[in-house]
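A quick write-up on the structure given underneath.
Numbers here simply count residues along the sequence, with the first being 1.
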Amino acid sequence: MPAPALADLSPMLLTERKTIPTTGDWLYEIKYDGYRLLAATGDPQLRSRNGHVATRWFPEIAEAMATLAPGCVLDGEVCVLDELGRPDFDRLHRRAARRGRPAGSDPVAYSVFDVLVLDGQDIRDQQVEDRKAALREVLDCCASVLLYVQDVDDGHGLYQHALALGLEGIVGKRLGSAYQCGKRSPDWVKVKRPGAVPAERFKR
(Lines give C-alpha, C1' and ligand atoms only; values in the text may rest on other atoms or scores of the structure.)
Protein backbone atom coordinates (compact mmCIF):
# COMPACT_ATOMS: atom_id res chain seq x y z
CA MET A 1 0.00 0.00 0.00
CA PRO A 2 1.41 3.47 -0.89
CA ALA A 3 2.54 5.42 2.12
CA PRO A 4 0.60 8.36 3.59
CA ALA A 5 2.36 11.67 4.14
CA LEU A 6 4.00 12.24 7.52
CA ALA A 7 1.46 14.98 8.29
CA ASP A 8 -1.35 12.43 7.92
CA LEU A 9 0.12 10.04 10.50
CA SER A 10 -0.22 10.18 14.27
CA PRO A 11 1.34 8.05 17.02
CA MET A 12 -0.37 4.96 18.41
CA LEU A 13 -1.18 5.51 22.09
CA LEU A 14 -0.68 3.39 25.19
CA THR A 15 -3.26 2.06 27.62
CA GLU A 16 -2.05 2.35 31.22
CA ARG A 17 -2.23 -0.74 33.41
CA LYS A 18 -1.23 -1.40 36.99
CA THR A 19 0.18 -4.87 36.32
CA ILE A 20 2.01 -6.73 33.58
CA PRO A 21 -0.27 -8.82 31.32
CA THR A 22 -0.68 -12.43 32.43
CA THR A 23 -2.38 -13.79 29.30
CA GLY A 24 -1.38 -13.66 25.65
CA ASP A 25 2.03 -13.30 24.01
CA TRP A 26 3.83 -9.99 24.39
CA LEU A 27 7.11 -8.24 23.78
CA TYR A 28 8.37 -5.68 26.29
CA GLU A 29 10.44 -2.52 26.04
CA ILE A 30 11.77 0.12 28.42
CA LYS A 31 9.47 3.14 28.49
CA TYR A 32 11.63 6.11 27.57
CA ASP A 33 10.63 9.41 29.15
CA GLY A 34 10.88 12.01 26.39
CA TYR A 35 9.07 13.80 23.59
CA ARG A 36 7.18 11.49 21.25
CA LEU A 37 8.07 12.16 17.61
CA LEU A 38 7.36 10.66 14.22
CA ALA A 39 10.29 11.16 11.86
CA ALA A 40 10.65 10.76 8.09
CA THR A 41 13.87 9.88 6.27
CA GLY A 42 15.12 11.25 2.96
CA ASP A 43 14.29 14.94 3.23
CA PRO A 44 14.14 14.64 7.04
CA GLN A 45 11.08 15.86 8.89
CA LEU A 46 10.16 15.54 12.56
CA ARG A 47 6.63 15.98 13.92
CA SER A 48 5.52 16.00 17.53
CA ARG A 49 2.63 14.00 18.95
CA ASN A 50 0.52 17.16 18.68
CA GLY A 51 1.44 17.68 15.03
CA HIS A 52 4.02 20.45 15.48
CA VAL A 53 6.89 20.49 12.99
CA ALA A 54 9.93 19.83 15.18
CA THR A 55 12.66 19.41 12.55
CA ARG A 56 14.58 22.50 13.67
CA TRP A 57 14.22 21.72 17.36
CA PHE A 58 16.59 18.77 17.20
CA PRO A 59 19.00 19.30 14.29
CA GLU A 60 21.26 16.37 15.21
CA ILE A 61 18.31 14.00 14.79
CA ALA A 62 17.36 15.53 11.45
CA GLU A 63 20.97 15.18 10.27
CA ALA A 64 21.07 11.52 11.30
CA MET A 65 17.72 10.79 9.66
CA ALA A 66 19.04 12.26 6.40
CA THR A 67 21.67 9.51 6.24
CA LEU A 68 19.09 6.68 6.27
CA ALA A 69 17.39 5.20 3.21
CA PRO A 70 14.57 7.47 1.99
CA GLY A 71 10.91 6.55 2.22
CA CYS A 72 10.71 5.54 5.89
CA VAL A 73 8.71 6.90 8.83
CA LEU A 74 9.88 6.01 12.34
CA ASP A 75 8.27 6.34 15.77
CA GLY A 76 10.16 6.98 18.97
CA GLU A 77 10.98 9.25 21.89
CA VAL A 78 13.50 12.09 21.84
CA CYS A 79 15.47 11.96 25.10
CA VAL A 80 18.40 13.46 26.92
CA LEU A 81 20.24 10.52 28.48
CA ASP A 82 22.42 10.62 31.59
CA GLU A 83 25.71 8.79 32.05
CA LEU A 84 23.84 5.53 32.76
CA GLY A 85 21.61 5.85 29.71
CA ARG A 86 18.56 6.93 31.72
CA PRO A 87 16.23 9.59 30.27
CA ASP A 88 16.29 12.94 32.07
CA PHE A 89 13.06 14.73 31.20
CA ASP A 90 13.91 17.98 32.97
CA ARG A 91 17.10 18.36 30.90
CA LEU A 92 15.17 17.51 27.75
CA HIS A 93 12.52 20.11 28.54
CA ARG A 94 15.19 22.79 28.99
CA ARG A 95 16.88 21.75 25.74
CA ALA A 96 13.63 21.75 23.74
CA ALA A 97 12.60 25.16 25.09
CA ARG A 98 15.71 26.68 23.53
CA ARG A 99 14.87 25.30 20.05
CA GLY A 100 17.75 24.19 17.89
CA ARG A 101 21.06 23.34 19.54
CA PRO A 102 22.69 26.44 21.05
CA ALA A 103 26.22 26.13 22.39
CA GLY A 104 26.35 24.20 25.64
CA SER A 105 23.04 22.41 25.07
CA ASP A 106 22.56 18.80 26.12
CA PRO A 107 22.72 16.40 23.16
CA VAL A 108 19.60 14.39 22.42
CA ALA A 109 19.02 10.85 21.19
CA TYR A 110 16.05 9.47 19.28
CA SER A 111 15.03 6.18 20.92
CA VAL A 112 13.20 4.46 18.06
CA PHE A 113 10.80 1.56 18.67
CA ASP A 114 8.68 1.24 15.50
CA VAL A 115 8.56 1.83 11.74
CA LEU A 116 5.29 2.77 10.03
CA VAL A 117 6.53 3.25 6.46
CA LEU A 118 9.35 1.24 4.90
CA ASP A 119 10.84 1.95 1.46
CA GLY A 120 7.79 4.03 0.59
CA GLN A 121 5.31 1.31 1.59
CA ASP A 122 2.78 1.52 4.41
CA ILE A 123 3.53 -1.41 6.77
CA ARG A 124 1.29 -0.47 9.69
CA ASP A 125 -0.81 -3.61 9.18
CA GLN A 126 2.20 -5.88 9.61
CA GLN A 127 2.79 -7.62 12.94
CA VAL A 128 4.73 -5.65 15.51
CA GLU A 129 7.48 -8.27 15.64
CA ASP A 130 7.97 -7.99 11.86
CA ARG A 131 8.07 -4.20 12.04
CA LYS A 132 10.68 -4.43 14.80
CA ALA A 133 12.83 -6.72 12.65
CA ALA A 134 12.55 -4.27 9.75
CA LEU A 135 13.41 -1.35 12.04
CA ARG A 136 16.62 -3.02 13.15
CA GLU A 137 17.71 -3.17 9.51
CA VAL A 138 16.83 0.50 8.95
CA LEU A 139 18.89 1.78 11.88
CA ASP A 140 22.31 0.92 10.53
CA CYS A 141 24.12 4.16 11.34
CA CYS A 142 24.49 7.01 13.82
CA ALA A 143 24.24 4.83 16.92
CA SER A 144 24.93 7.77 19.24
CA VAL A 145 21.85 9.64 17.95
CA LEU A 146 19.45 6.99 16.60
CA LEU A 147 18.95 4.26 19.19
CA TYR A 148 17.11 1.01 18.50
CA VAL A 149 14.82 0.17 21.43
CA GLN A 150 15.44 -3.51 22.14
CA ASP A 151 12.55 -5.74 23.15
CA VAL A 152 12.51 -8.78 25.45
CA ASP A 153 9.92 -11.42 26.31
CA ASP A 154 10.46 -11.29 30.10
CA GLY A 155 8.22 -8.43 31.19
CA HIS A 156 8.63 -9.10 34.92
CA GLY A 157 12.42 -9.11 34.67
CA LEU A 158 12.44 -5.90 32.64
CA TYR A 159 10.10 -4.24 35.11
CA GLN A 160 12.43 -5.09 38.00
CA HIS A 161 15.28 -3.59 36.00
CA ALA A 162 13.22 -0.42 35.48
CA LEU A 163 12.50 -0.22 39.22
CA ALA A 164 16.17 -0.64 40.10
CA LEU A 165 17.23 2.17 37.76
CA GLY A 166 14.35 4.49 38.66
CA LEU A 167 12.99 4.50 35.10
CA GLU A 168 9.44 5.53 34.26
CA GLY A 169 8.30 1.96 33.59
CA ILE A 170 7.89 -0.52 30.75
CA VAL A 171 5.75 -0.96 27.64
CA GLY A 172 4.11 -4.22 26.55
CA LYS A 173 3.07 -4.85 22.94
CA ARG A 174 0.90 -7.79 21.96
CA LEU A 175 2.56 -10.05 19.42
CA GLY A 176 0.80 -9.98 16.06
CA SER A 177 -0.64 -6.51 16.63
CA ALA A 178 -0.86 -3.83 13.94
CA TYR A 179 0.01 -0.14 14.33
CA GLN A 180 -3.15 1.91 14.90
CA CYS A 181 -2.51 5.61 14.35
CA GLY A 182 -4.04 7.90 16.95
CA LYS A 183 -5.76 5.09 18.84
CA ARG A 184 -5.32 4.09 22.48
CA SER A 185 -5.24 0.33 22.11
CA PRO A 186 -5.13 -2.51 24.65
CA ASP A 187 -2.52 -4.06 22.33
CA TRP A 188 -0.01 -1.48 23.63
CA VAL A 189 0.14 -1.08 27.40
CA LYS A 190 2.34 0.80 29.83
CA VAL A 191 3.11 -0.21 33.39
CA LYS A 192 4.63 2.67 35.33
CA ARG A 193 6.93 2.56 38.31
CA PRO A 194 5.06 3.59 41.49
CA GLY A 195 5.71 7.28 42.09
CA ALA A 196 6.76 7.98 38.49
CA VAL A 197 6.10 11.60 37.56
CA PRO A 198 3.01 11.92 35.33
CA ALA A 199 3.63 12.86 31.70
CA GLU A 200 1.41 15.96 32.04
CA ARG A 201 3.93 17.73 34.28
CA PHE A 202 4.84 20.04 31.37
CA LYS A 203 3.03 21.16 28.29
CA ARG A 204 4.94 19.69 25.39
Side-chain angles (χ1 to χ4, degrees), residues 1-16 26-27 29-79 87 92 96 99 108-142 145-151 171-190 199-200 202-204:
M1 181 182 299
L6 179 64
D8 295 328
L9 297 169
S10 56
M12 184 170 172
L13 305 178
L14 298 163
T15 298
E16 186 164 357
W26 299 76
L27 62 81
E29 303 164 346
I30 288 293
K31 187 178 188 307
Y32 282 83
D33 190 13
Y35 281 10
R36 185 84 175 271
L37 289 184
L38 297 183
T41 63
D43 179 12
Q45 299 178 55
L46 312 178
R47 293 186 74 90
S48 74
R49 173 176 166 176
N50 296 324
H52 299 299
V53 177
T55 311
R56 294 184 179 180
W57 301 2
F58 307 111
E60 61 266 55
I61 296 176
E63 291 166 7
M65 292 291 293
T67 69
L68 301 180
C72 298
V73 175
L74 311 182
D75 187 3
E77 294 270 350
V78 175
C79 302
L92 172 67
R99 299 291 189 261
V108 294
Y110 187 35
S111 301
V112 188
F113 47 72
D114 215 325
V115 53
L116 289 66
V117 177
L118 179 67
D119 297 330
Q121 298 297 308
D122 187 346
I123 65 167
R124 288 175 291 168
D125 285 340
Q126 293 189 17
Q127 300 180 121
V128 62
E129 56 267 38
D130 293 336
R131 299 196 310 273
K132 292 283 290 191
L135 175 62
R136 184 186 287 277
E137 296 298 320
V138 170
L139 296 178
D140 59 356
C141 82
C142 313
V145 180
L146 304 178
L147 307 180
Y148 173 79
V149 176
Q150 180 65 50
D151 60 274
V171 171
K173 298 176 180 177
R174 192 186 306 273
L175 294 181
S177 60
Y179 191 102
Q180 303 176 62
C181 277
K183 294 185 178 179
R184 193 173 301 281
S185 170
D187 290 336
W188 279 25
V189 302
K190 58 184 174 183
E200 294 78 11
F202 295 120
K203 291 183 179 179
R204 303 187 182 187

List the atom of Trp26, the atom of Pro186, and the distance in Å for their closest heavy-atom pair.
CH2-O, 3.4 Å
Would you check if there is a donor-acceptor pair between the side chains of Ser111 and Glu77 at a distance under 3.5 Å?
no
Do NZ/NE/NH1/NH2 and the carboxylate oxygens of Lys132 and Glu29 come within less than 4.0 Å?
yes
Any non-hydrogen side-chain atom of Val108 less than 4.5 Å from a side-chain atom of Glu60?
yes
In terms of heavy-atom contacts, does CZ of Arg49 have more than 12 from other residues, nucleotides or ligands at under 6.0 Å?
no
What residues form a ring-ring contact (aromatic ring centres under 6.0 Å, His included) with Tyr179, not counting sequence neighbours?
Trp188
Residue Arg56 excluded, over 12 heavy atoms near CZ under 6.0 Å:
no
Should Arg47 and Val53 count as side-chain neighbours, where that means a heavy-atom distance under 4.5 Å?
yes
Can you see which heavy atom on Thr41 is nearest to which on Ala69, and at what distance?
OG1-O, 2.7 Å
Quick check: closest heavy atoms across Tyr32 and Cys79, and the distance to 0.1 Å?
CB-SG, 3.8 Å
Matching residue for Val112 among Val149, Val138, Leu147, Leu135 - test: side chain to side chain contact (heavy atoms under 4.5 Å, CB included)
Leu135
In sequence, state the C-alpha distance, the side-chain angles, and the governing distance for Met65 and Leu146, and then conclude on side-chain contact (heavy atoms from CB on, under 4.5 Å).
CA-CA 8 Å; Met65 292 291 293; Leu146 304 178; 4.1 Å; yes
Would you call Met12 and Ser185 a side-chain contact if the rule is heavy atoms closer than 4.5 Å?
yes
Check Val73, Asp75, Ile123 against Asp114 for a side chain to side chain contact (heavy atoms under 4.5 Å, CB included) and give me the one that passes.
Asp75
My understanding is that only residues two or more places apart in sequence, or in another chain, count here; which of them pass side-chain hydrogen bond (donor to acceptor under 3.5 Å, both in side chains) with Gln150?
Arg136
Worked verdict on Val171 versus Leu14 for side-chain contact (heavy atoms from CB on, under 4.5 Å):
CA-CA 8 Å; Val171 171; Leu14 298 163; 3.7 Å; yes
Does any part of the side chain of Tyr35, heavy atoms only, come nearer than 4.5 Å to the side chain of Leu92, both counted from C-beta?
yes
